[in-house]
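All values derive from a computational prediction rather than experimental measurement.
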Amino acid sequence: QVQLVESGGGSVQPGGSLRLSCAAPESIGSFYAMGWHRQAPGKQHELVAVITRDLNTKYLDSMEGRTTISRDGAKNTVTLQMNSLKPEDTAVYYCNADDRLSRILRGTSEYWGQGTQVTVSS
């Protein structure tokens, strides 16, 4: 099964920043939409941010204003820059991609990364 390759993540103090990156294999071409979901222990899987090929974006309300999603279409990569991180942002973050935006919004994307841990703690 094709998987997306994630990098970044780690531990940071409250108020700090982290940058997550994700790359899709060149062999599968370019996706219409790429995004990030997260899941914290005991909580539901939720969409953090998504970006389309024409650079339209959507963010989780609690991440709006302190998170930026960007993509490089030529390289089929997506990046999530997170600032002013809070303890409640602690979760496993998953990159995902699909040609249908609706699937990403529902969390049913065809392609996923393995997940990268983000821990925000003092």
Side-chain angles (χ1 to χ4, degrees):
Q1 182 179 1
V2 174
Q3 282 193 322
L4 309 180
V5 180
E6 298 151 341
S7 60
S11 296
V12 65
Q13 292 186 341
S17 298
L18 282 174
R19 184 182 181 91
L20 307 182
S21 296
C22 171
E26 292 183 4
S27 59
I28 57 176
S30 175
F31 295 101
Y32 175 71
M34 300 183 77
W36 292 89
H37 281 72
R38 70 185 182 186
Q39 186 160 26
K43 295 187 178 181
Q44 288 188 336
H45 206 245
E46 59 183 358
L47 174 69
V48 177
V50 60
I51 185 168
T52 64
R53 186 176 290 144
D54 45 3
L55 304 184
N56 290 319
T57 59
K58 178 180 174 63
Y59 295 94
L60 180 68
D61 286 348
S62 63
M63 301 296 280
E64 188 84 54
R66 56 191 184 97
T67 300
T68 302
I69 188 169
S70 58
R71 69 183 290 178
D72 183 329
K75 297 181 180 179
N76 221 15
T77 60
V78 63
T79 299
L80 188 71
Q81 176 68 43
M82 300 185 290
N83 303 317
S84 302
L85 283 163
K86 305 174 182 180
E88 52 264 42
D89 295 321
T90 296
V92 178
Y93 285 68
Y94 297 90
C95 176
N96 56 114
D98 203 291
D99 281 329
R100 294 187 182 182
L101 176 60
S102 59
R103 288 178 180 167
I104 290 193
L105 296 177
R106 291 197 303 264
T108 59
S109 306
E110 184 171 4
Y111 298 101
W112 291 85
Q114 290 185 317
T116 184
Q117 177 70 45
V118 170
T119 301
V120 185
S121 174
S122 55

Are any non-hydrogen side-chain atoms of [X] and [Y] less than 4.5 angstrom apart?
{"X": "Asp89", "Y": "Met82", "value": "no"}
{"X": "Pro14", "Y": "Pro87", "value": "yes"}
{"X": "Gln117", "Y": "Thr90", "value": "yes"}
{"X": "Arg71", "Y": "Thr57", "value": "no"}

Does [X] belong to the same Ile/Leu/Val/Met/Phe/Trp/Tyr cluster as [Y], with side-chain heavy atoms less than 4.5 Å apart forming each link?
{"X": "Ile51", "Y": "Leu18", "value": "yes"}
{"X": "Val50", "Y": "Tyr94", "value": "no"}
{"X": "Leu47", "Y": "Leu55", "value": "no"}
{"X": "Leu60", "Y": "Leu80", "value": "yes"}
{"X": "Val48", "Y": "Tyr111", "value": "yes"}

task = Applying side chain to side chain contact (heavy atoms under 4.5 Å, CB included), run through Leu20 and Arg38 and close with a yes or a no.
result = CA-CA 12 Å; Leu20 307 182; Arg38 70 185 182 186; over 6 Å; no
Testing the basics here: between [X] and [Y], what is the closest heavy-atom pair and its distance to 0.1 Å?
{"X": "Ser17", "Y": "Ser84", "answer": "OG-N, 4.3 Å"}
{"X": "Tyr59", "Y": "Ala49", "answer": "CD2-CB, 3.5 Å"}
{"X": "Leu101", "Y": "Ala33", "answer": "CD1-CB, 4.1 Å"}
{"X": "Ala24", "Y": "Leu4", "answer": "CB-CD2, 3.6 Å"}
{"X": "Cys22", "Y": "Trp36", "answer": "CB-CZ2, 3.6 Å"}

inquiry  = Donor-acceptor check, side chain of Asn96 to backbone of Gly35, threshold 3.5 angstrom: yes or no?
reply    =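 Yes; judged by distance alone, with no hydrogens or angles, the pair exists.
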ask   = Gln81 side chain to Thr68 main-chain N or O, any donor-acceptor pair under 3.5 Å?
value =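 Judged by distance alone, no pair lies under 3.5 Å.
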Which distance, rounded to the nearest 0.5 Å, do you find between the [atom1] of [X] and the [atom2] of [Y]?
{"X": "Arg100", "Y": "Leu105", "atom1": "CZ", "atom2": "CG", "result": "13.0 Å"}
{"X": "Thr119", "Y": "Gln13", "atom1": "OG1", "atom2": "CD", "result": "13.0 Å"}
{"X": "Arg103", "Y": "Ser109", "atom1": "CZ", "atom2": "OG", "result": "8.5 Å"}

query = So does Asp98 pair up with Arg106, basic N to acidic O under 4.0 Å?
reply =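 A salt bridge is absent here (no side-chain N lies under 4.0 Å from a carboxylate O).
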task = Report the C-alpha distance between Ile69 and Lys58 in whole Å, list the side-chain angles of each, state the deciding distance to 0.1 Å, and finish with yes or no for side chain to side chain contact (heavy atoms under 4.5 Å, CB included).
result = CA-CA 9 Å; Ile69 188 169; Lys58 178 180 174 63; over 6 Å; no
request  = Check the pair Tyr32, Arg53 against side chain to side chain donor-acceptor pair (under 3.5 Å), reporting the backbone distance first and the verdict last.
outcome  = CA-CA 5 Å; Tyr32 175 71; Arg53 186 176 290 144; over 6 Å; no
task = Assess whether side chain to side chain contact (heavy atoms under 4.5 Å, CB included) is satisfied between Ile104 and His37, documenting all intermediate values.
result = CA-CA 9 Å; Ile104 290 193; His37 281 72; 4.1 Å; yes
key: Steps toward side chain to side chain contact (heavy atoms under 4.5 Å, CB included) verdict (Cys95, Val78)   = CA-CA 8 Å; Cys95 176; Val78 63; 3.8 Å; yes
